[in-house]
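So you know, we letter chains A, B, ... as the sequences are listed, proteins then strands, and number each from 1.
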Amino acid sequence: AQSVTQLGSHVSVSEGALVLLRCNYSSSVPPYLFWYVQYPNQGLQLLLKYTSAATLVKGINGFEAEFKKSETSFHLTKPSAHMSDAAEYFCAVSYTGGFKTIFGAGTRLFVKA
Amino acid sequence: DSGVTQTPKHLITATGQRVTLRCSPRSGDLSVYWYQQSLDQGLQFLIQYYNGEERAKGNILERFSAQQFPDLHSELNLSSLELGDSALYFCASSVAEGATGELFFGEGSRLTVL
């Protein structure tokens, strides 16, 4: 069975600081991994997706994530936080032949001026 | 704008009642997913349809049911409502049958059960 664990329900950074949101996955088959972002009063939208083509995945708004099979991790990073990055971020997993995407509990990112 | 439309955006009802949530997927998408988002449970997968056929079931209660119609819109029916059913219900769509592609989410229907 697939599962996702996001470490830290809340993360607070200063504007301009590094953003690091942690995600570990569990999958018995090669996974597809996703990061989604949810702004207040909106639905989720895709930031980036890993599909085994490259371990370092670049997404929108300057975010990127690195797939590390040995650590079963897919952490999300951004070199310099912006106030507009304040939102909730969800890591998710699926796999070939599966019909559902499993989401982590989410990490709320706060950006301080 | 994701292209996924959900109605109503907000719904307030009483315990024991029945409600229907509606979702219109993006043009061309054949898969529709329903998720429930609550503070204590997070984002929980409920059910998926592909081109009118049920493909996967998650943590969906027996009091809940869904269907996808020939025009590909979907409805989620919630009956005998309880206080704990208060949540944000999301519909998402994708072009593929499987779950390896991007999901496009609607803005959700916020259900409050009093």
Side-chain angles (χ1 to χ4, degrees), chain A residues 1-10 21 23 25 27-53 57-60 63 65 67 74 87-108, chain B residues 1-7 9-10 21 23-26 29-51 53-60 66 68 88-110:
Chain A
Q2 282 65 39
S3 66
V4 169
T5 302
Q6 291 185 241
L7 300 176
S9 58
H10 297 84
L21 304 182
C23 171
Y25 69 91
S27 179
S28 54
V29 296
Y32 286 75
L33 294 162
F34 308 81
W35 276 99
Y36 284 83
V37 61
Q38 184 181 25
Y39 297 103
N41 300 314
Q42 293 186 27
L44 284 72
Q45 56 183 281
L46 184 70
L47 272 179
L48 50 80
K49 177 174 86 169
Y50 166 77
T51 59
S52 79
V57 182
K58 294 189 184 298
I60 61 172
F63 284 94
F67 172 72
F74 190 58
E88 187 147 23
Y89 292 81
F90 293 89
C91 183
V93 64
S94 68
Y95 62 97
T96 301
F99 295 106
K100 54 185 177 182
T101 302
I102 304 300
F103 286 82
T107 298
R108 185 165 295 277
Chain B
D1 182 4
S2 68
V4 178
T5 303
Q6 289 188 248
T7 57
K9 290 193 185 307
H10 301 275
L21 309 180
C23 169
S24 293
R26 279 190 334 154
D29 285 357
L30 299 178
S31 278
V32 169
Y33 300 76
W34 286 97
Y35 284 85
Q36 179 193 58
Q37 186 180 38
S38 59
L39 286 175
D40 55 341
Q41 296 288 326
L43 200 61
Q44 295 289 316
F45 169 76
L46 295 178
I47 198 163
Q48 186 229 356
Y49 283 84
Y50 177 78
N51 203 21
E53 300 281 335
E54 182 186 304
R55 280 289 182 263
K57 255 184 177 178
N59 302 321
I60 187 166
Q68 186 180 27
L88 193 53
Y89 290 85
F90 282 110
C91 169
S93 72
S94 71
V95 63
E97 181 176 2
T100 57
E102 177 178 359
L103 297 181
F104 295 87
F105 282 80
E107 294 189 351
S109 292
R110 183 171 295 282

Region of [X] that comes under 4.5 Å of a non-hydrogen atom in chain A:
{"X": "B/Lys9", "result": "neither"}
{"X": "B/Tyr35", "result": "side chain"}
{"X": "B/Leu103", "result": "both"}
{"X": "B/Thr100", "result": "both"}

* **Proximity of A/Phe67 and A/Tyr25 rings by center, below 6.0 Å** => yes
* Less than 4.5 Å apart, any side-chain heavy atom of B/Tyr49 and any of A/Phe99? -> no
* **Side chain A/Thr107, main chain A/Leu21, donor-acceptor under 3.5 Å** => no
* Best-contacting candidate, B/Tyr33, B/Phe45, B/Tyr50, against chain A by heavy atom pairs under 4.5 angstrom -> B/Phe45
* Give, as side chain, backbone, both or neither, the part of A/Tyr95 having an atom under 4.5 angstrom from any heavy atom of chain B. => backbone
* Structure fact -> Applying a strict 4.5 Å limit to non-hydrogen atoms, the region of A/Lys49 in contact with chain B is side chain
* What option among A/Thr101, A/Leu44, A/Leu46 has the most heavy-atom pairs under 4.5 Å with chain B? -> A/Leu44
* Give the member of A/Ala105, A/Gly97, A/Gly98 that has the highest number of heavy-atom pairs under 4.5 Å with chain B. => A/Gly98
* Donor + acceptor pair across side chains of B/Ser31, B/Gln48 (<3.5 Å) -> yes
* Side chains of A/Gln38 and B/Gln37: do they bring a donor and an acceptor to under 3.5 Å? -> yes
* **Charged tip of B/Arg26 within 45° of B/Phe104 ring normal and under 6.0 Å** => yes
* To do: Heavy atoms only: give me the nearest B/Ser93-B/Pro25 pair and the separation to one decimal.
  => CB-CB, 3.5 Å
